Student: 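What follows is a single structure, and I will ask about it in a moment.
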Protein chains: 2
Amino acid sequence: MRVNVMVGGPREPIPVETVQGYRDETWIGVDHGATLLLEWGITPVAAIGDFDSTNPTELARLKTSLDNITVYPPAKDFTDTQLGIMTAIKNYQPDEIVIWGATGGRLDQELANLYLPMQDTFRDYLHCITLVDRCNVVRYFRPGTYAIHRRPGFDYLAFVNLTPVTGLTLPDEKYPLVNWDSPIPFAWSSNRFTSAVNHFSFDTGVVAVIWSRD
Amino acid sequence: MRVNVMVGGPREPIPVETVQGYRDETWIGVDHGATLLLEWGITPVAAIGDFDSTNPTELARLKTSLDNITVYPPAKDFTDTQLGIMTAIKNYQPDEIVIWGATGGRLDQELANLYLPMQDTFRDYLHCITLVDRCNVVRYFRPGTYAIHRRPGFDYLAFVNLTPVTGLTLPDEKYPLVNWDSPIPFAWSSNRFTSAVNHFSFDTGVVAVIWSRD
């Protein structure tokens with residue numbers, strides 16, 4: 001099953017109309033993300049976080065509206081987003097986790113969210129995590145050979161080695177690449193699909209693929 | 001000297017009032033960033049890019065207003081941002097480069113900008129590059145021991161190893177860390193200064209320090 005996790009980033013980059021298309025699925029609200037879900041008429045199955053960006057009125061409303069809400073102290077061993085994803089995994093053993101509200105605003109939190117799937121706790125789920133905002137869809141890949149599909153409305157395609165990488169090959173994209181190694185992270189941005197399905201492969205490292213639009 | 005480079009990201013995250021405080025300094029406009037500078041009453045010493053996000057009327061105005069404008073084809077060996085920073089280095093040998101307009105919108109372009117200082121072409125300037133938006137100030141560090149200063153209005157402090165890191169130590173921050181190694185990138189977010197000056201050190205890798213606010 002698919003679990004959607006709405007984390008507490010700024011609201012502007014969240015594609016509300018796309019969220020509404022997922023409204024009947026399973027949602028977990030993280031921190032202020034739980035309040036946003038209620039505002040959009042979606043009742044999450046669980047809410048979790050320190051709720052330090054949720055005012056007392058909103059928090060009271062969450063407690064009244066939800067069966068399952070867990071409030072942590074602000075100084076804790078895990079970030080709110082980590083706790084949200086851990087809840088998704090523990091309660092639902094999902095085969096797909098979509099993270100919303102993870103971008104924009106504070107870059108330290110955005111990078112914490114972007115890098116989360118590589119952590120020991122989440123690595124087994126790396127291949128089934130997707131991060132979505134208005135302009136971007138991000139997926140994560142371990143070494144292998146993959147086919148990727150064009151997404152309507154998303155003109156650009158990017159390959160980003162989040163770790164050192166070896167053997168990155170883009171055989172059939174608009175701007176191909178053969179057997180590229182890099183000890184530093186690099187974003188091959190603004191590439192394009194040449195057909196409905198394109199391919200890539202690499203030997204070591206973690207690569208994020210980003211479908212994006214202006 | 002300091003050179004400011006306005007790149008062509010979305011306008012919302014750009015702190016216009018802070019830009020105005022730098023208006024009498026040297027500016028380079030990259031792609032749509034050149035148009036934004038003119039709009040804000042700042043005439044850049046150079047404009048560069050493929051200008052694919054600049055409409056014909058704006059481009060004509062740029063050509064009339066600026067002494068130095070270089071238009072590249074969209075398919076080229078360097079990104080617009082790379083070309084802008086290369087121009088800053090070649091023409092001014094700056095001891096400080098501030099990059100504006102590098103965040104928000106397309107994540108592939110944001111990550112390309114974030115990772116740029118680690119590339120061979122720019123590595124000698126890594127320590128003098130700062131990336132600024134409304135919520136974040138980012139600086140880059142190579143192995144060593146550093147003192148960092150609190151910035152008024154920026155409550156949060158983060159340490160992000162963009163590459164594998166060894167020996168990361170935060171001796172006197174609110175949440176300390178001792179001799180931490182990691183093969184994957186990780187954002188130690190939401191830390192805090194405990195006084196006007198705090199310290200950190202590490203042995204290998206590249207670490208970004210982010211001062212941020214909500």
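Chain letters run A, B, ... following the sequence lines, proteins first, then strands; residues in each count from 1. Since the structure is predicted, the reported quantities are computational estimates derived from the model, not experimental observations.
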Student: Heavy-atom cut-off 4.5 Å, strictly under: side chain, backbone, both or neither for A/P13 against chain B?
Tutor: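 Nothing of A/P13, per the 4.5 Å heavy-atom cut-off to chain B.
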Student: At a heavy-atom separation under 4.5 Å, does A/L107 approach chain B through its side chain, its backbone, both, or neither?
Tutor: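 Both backbone and side chain.
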Student: Under 4.5 Å, counting heavy-atom pairs only, tell me which of A/Y175, A/Y156, A/W188 racks up the most with chain B.
Tutor: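 The option with the most such pairs is A/Y156.
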Student: Against chain B, label A/P10 side chain, backbone, both or neither, depending on which of its atoms sit under 4.5 Å from a heavy atom there.
Tutor: neither
Student: With only heavy atoms counted, which part of B/A75 is less than 4.5 Å from chain A, the side chain, the backbone, both or neither?
Tutor: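 Both parts, heavy atoms under 4.5 Å.
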Student: Looking only at non-hydrogen atoms, find the nearest pair between A/F186 and B/Y115 and report the distance.
Tutor: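 That would be N-CD1, 3.8 Å.
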Student: So what's closer than 4.5 Å to chain B heavy atoms on A/F159: side chain, backbone, both or neither?
Tutor: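 Nothing of A/F159, per the 4.5 Å heavy-atom cut-off to chain B.
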Student: Working to the nearest 0.5 angstrom, can you tell me the gap between B/S182 OG and A/Q119 CD?
Tutor: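 Answer for the OG-CD pair, B/S182 versus A/Q119, is 9.0 Å.
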Student: Distance-only, no hydrogens or angles: does the A/D108 side chain make a donor-acceptor pair with backbone N or O of B/A158 under 3.5 Å?
Tutor: no
Student: Testing the basics here: between B/R106 and A/R213, what is the closest heavy-atom pair and its distance to 0.1 Å?
Tutor: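 That would be CG-O, 3.2 Å.
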Student: Once rounded to the nearest 0.5 Å, what's the spacing between atom CG of B/L162 and atom OG1 of A/T163?
Tutor: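 If I round to the nearest 0.5 Å, the distance is 12.5 Å.
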Student: Could you tell me which portion of A/R134 (side chain, backbone, both or neither) has an atom closer than 4.5 angstrom to a non-hydrogen atom of chain B?
Tutor: neither
Student: Tell me which of these, A/A112, A/P164, A/P74, A/P185, has more heavy-atom pairs under 4.5 Å with chain B than the rest.
Tutor: A/P185
Student: Side chain, backbone, both or neither: which part of A/N113 has an atom under 4.5 Å from a heavy atom of chain B?
Tutor: neither
Student: Against chain B, label A/V206 side chain, backbone, both or neither, depending on which of its atoms sit under 4.5 Å from a heavy atom there.
Tutor: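 Neither part.
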Student: Mind checking the CG-CD spacing from B/L111 to A/E110? Nearest 0.5 Å is all I need.
Tutor: 7.5 Å
Student: Which atoms of A/L114 come close to chain B, meaning under 4.5 Å heavy atom to heavy atom: side chain ones, backbone ones, both, or neither?
Tutor: side chain
Student: Side chain, backbone, both or neither: which part of A/S190 has an atom under 4.5 Å from a heavy atom of chain B?
Tutor: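 When you check distances to chain B, atoms from both the backbone and side chain of A/S190 fall under 4.5 Å.
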